[in-house]
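I have placed the structure first, in the form of structure tokens, so that the comments after it can refer back to it.
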Amino acid sequence: CGEAIKQHFDDVKIVGVEPATSAVLSGKNPGPHKIQGIGAGFKPKVLNMDIVSRILPVSDEDAFAYSQKLASKEGLMVGISSGASVCAAYKMAEELGLICFSSPFDKSAVDFLETMEVPAYKVASLEITDIPLIEYIADKGKPVIISTGVATLSDIQEAVNACKRMGNEQIALLKCTSVYPTPFEDVNLKTIPNLAETFNVVAGLSDHTPGISIPIASVVLGARIIEKHFILNRDLGGPDAAFSLEPSEFKQMVEHVRKVETAVGIVTYELSKKSKESRRYARSLFVTKDMQEGEHFTEQNVRSIRPGN
């Protein structure tokens with residue numbers, strides 16, 4: 001597609017094409033490039049890094065960094081789809097200390113991710129009924145995280161059974177509602193502990209609501225995994241933008257989740273050391289008047305006070 005467009009535009013050096021979105025880089029190579037749309041009045045949404053990687057005489061890692069910088073300047077998203085660019089993204093994640101894995105949609109994608117030595121797999125909500133794919137994934141012997149956004153109870157059971165048939169018990173189920181964005185009344189967080197109990201698995205949340213309230217609340221109900229959409233700048237637009245979190249919001253969510261996680265604690269009636277110290281100020285009965293031997297205690301000579309000792 002890029003070569004076909006270049007035949008009609010002499011100054012085009014790099015062309016990136018994504019479904020329903022396109023971006024053109026014009027200008028002499030190497031040097032500064034300018035983003036322009038294809039067609040009258042067209043505003044591109046995505047800069048395809050794969051084309052940048054193929055045409056610029058730089059490494060995949062440099063092309064990824066260059067694409068990010070240019071896309072950010074022009075208000076675009078970076079699109080990646082080829083193996084080379086995915087490898088570059090994974091390498092960057094590794095350098096940042098992030099655990100990186102993905103959601104494959106067919107067996108060839110699983111095979112590719114195996115070459116990346118991913119530590120786990122995610123099964124998207126719409127793939128939960130693809131039992132052969134789930135079996136293929138589970139057979140790799142790695143943790144399988146499954147979203148349940150369009151699944152019935154029997155669908156979930158089938159997916160769990162598929163993993164177990166392959167000898168894989170490392171299963172996590174995410175409560176999910178595949179409505180974008182999800183109305184708060186449709187979240188039903190109480191399903192999280194029920195998933196854990198019903199299927200004896202790790203349970204979590206795949207959230208599509210705006211803001212950070214729901215993922216924070218999910219921790220109280222036992223969510224061990226939280227999936228939330230991320231975007232560098234909501235003004236970039238896109239189908240996920242309305243319920244995605246910007247970097248500062250994502251950081252705030254993580255901070256609050258950690259606080260709530262600590263606060264949930266355990267079931268205990270033991271007093272902490274500090275609580276025991278505070279107990280000295282608890283109310284107790286104290287004689288407030290001189291009394292004779294054999295005299296009865298009454299409300300007149302005994303009071304409930306905080307003596308502090």
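A quick note: this is a predicted structure, and the numbers were derived from the prediction, not measured.
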Just how far is it from atom [atom1] of [X] to atom [atom2] of [Y], taken to the nearest 0.5 Å?
X      : Y      : atom1 : atom2 : answer
Phe105 : Asp130 : CZ    : CG    : 11.0 Å
Asn188 : Thr182 : CG    : OG1   : 10.5 Å
Arg279 : Ser284 : CZ    : OG    : 10.0 Å
Lys122 : Glu227 : NZ    : CD    : 3.5 Å
Leu232 : Ser244 : CG    : OG    : 10.5 Å
Thr148 : Leu153 : OG1   : CG    : 10.5 Å

Residue pairs fulfilling salt bridge (Lys or Arg N to Asp or Glu O under 4.0 Å) with at least one residue in [range], sequence neighbours excluded:
range            : result
residues 142-165 : Glu114-Lys142, Glu135-Arg165
residues 253-263 : Arg258-Glu261
residues 205-222 : Asp207-Lys228

Is [Y] close to [X] at the side-chain level, that is, under 4.5 Å between some pair of heavy atoms?
X      : Y      : answer
Thr191 : Leu221 : no
Val257 : Ile212 : no
Met116 : Tyr90  : yes
Glu246 : Ile231 : yes
Phe101 : Pro143 : no
Val144 : Gln170 : no

Is the side chain of [X] donor-acceptor paired with the backbone N or O of [Y] at a distance under 3.5 Å, no angle test?
X      : Y      : answer
Ser147 : Cys176 : no
Arg283 : Ser304 : yes
Arg234 : Leu245 : no
Asp186 : Pro183 : no
Thr268 : Glu270 : yes

List in chain and number order the residues that pass ring-ring contact (aromatic ring centres under 6.0 Å, His included) with Phe243, two or more places apart in sequence or in another chain; answer none if no residue qualifies.
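Testing Phe243 for ring-ring contact (aromatic ring centres under 6.0 Å, His included), a comparison that skips the adjacent residues, returns Tyr180, His208, His229.
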ring-ring contact (aromatic ring centres under 6.0 Å, His included) partners for Phe250, two or more places apart |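 Result, ring-ring contact (aromatic ring centres under 6.0 Å, His included) vs Phe250: Phe230.
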Under a 4.5 Å side-chain heavy-atom rule over Ile, Leu, Val, Met, Phe, Trp and Tyr, are [X] and [Y] clustered together?
X      : Y      : result
Ile192 : Leu173 : no
Ile171 : Ile128 : yes
Leu205 : Val264 : no
Ile146 : Leu113 : yes
Leu285 : Met291 : yes

Go through the steps to decide whether Ile156 and Phe199 satisfy the test side chain to side chain contact (heavy atoms under 4.5 Å, CB included), and finish with yes or no. CA-CA 9 Å; Ile156 299 172; Phe199 298 101; 3.5 Å; yes
message = Other residues, nucleotides and ligands only: do more than 12 of their heavy atoms fall within 6.0 Å of CD1 on Ile99?
response =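 Open.
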Query raised in the report: Is it true that atom CD of Glu293 has more than 12 heavy atoms of other residues, nucleotides or ligands lying nearer than 6.0 Å?
Result: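 No, not enclosed.
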Do you know which two heavy atoms are closest between [X] and [Y], and how far apart they sit?
X      : Y      : value
Ile225 : Ala172 : CD1-CB, 3.6 Å
Ser125 : Val150 : O-CG2, 3.5 Å
Leu195 : Leu174 : CD1-C, 4.3 Å
Pro215 : Ile226 : O-CD1, 3.4 Å

- prompt: Can you list the residues that meet the salt bridge (charged side-chain N to carboxylate O under 4.0 Å, His left out) rule with Glu169, with sequence neighbours excluded?
  reply: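 Per chain and number, Glu169 pairs via salt bridge (charged side-chain N to carboxylate O under 4.0 Å, His left out) with no residue.
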> Where do Cys163 and Ile134 land on the side chain to side chain contact (heavy atoms under 4.5 Å, CB included) test, with the steps shown first?
Replying inline: CA-CA 7 Å; Cys163 293; Ile134 293 176; 3.8 Å; yes
task: Would you check if there is a donor-acceptor pair between the side chains of Ser275 and Ser272 at a distance under 3.5 Å?
output: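 Yes, side-chain donor-acceptor contact under 3.5 Å.
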- Item | Residue pair Asp106, Tyr136: steps toward the side chain to side chain donor-acceptor pair (under 3.5 Å) verdict | CA-CA 9 Å; Asp106 57 38; Tyr136 195 70; over 6 Å; no
- Message: If you apply the rule side chain to side chain contact (heavy atoms under 4.5 Å, CB included), what do you find for Asp139 with Asn168, and how did you get there?
- Response: CA-CA 7 Å; Asp139 193 45; Asn168 193 332; over 6 Å; no
Hey, mind stepping through Leu189 and Val220 against side chain to side chain contact (heavy atoms under 4.5 Å, CB included) and telling me if it holds?
CA-CA 10 Å; Leu189 288 177; Val220 180; over 6 Å; no
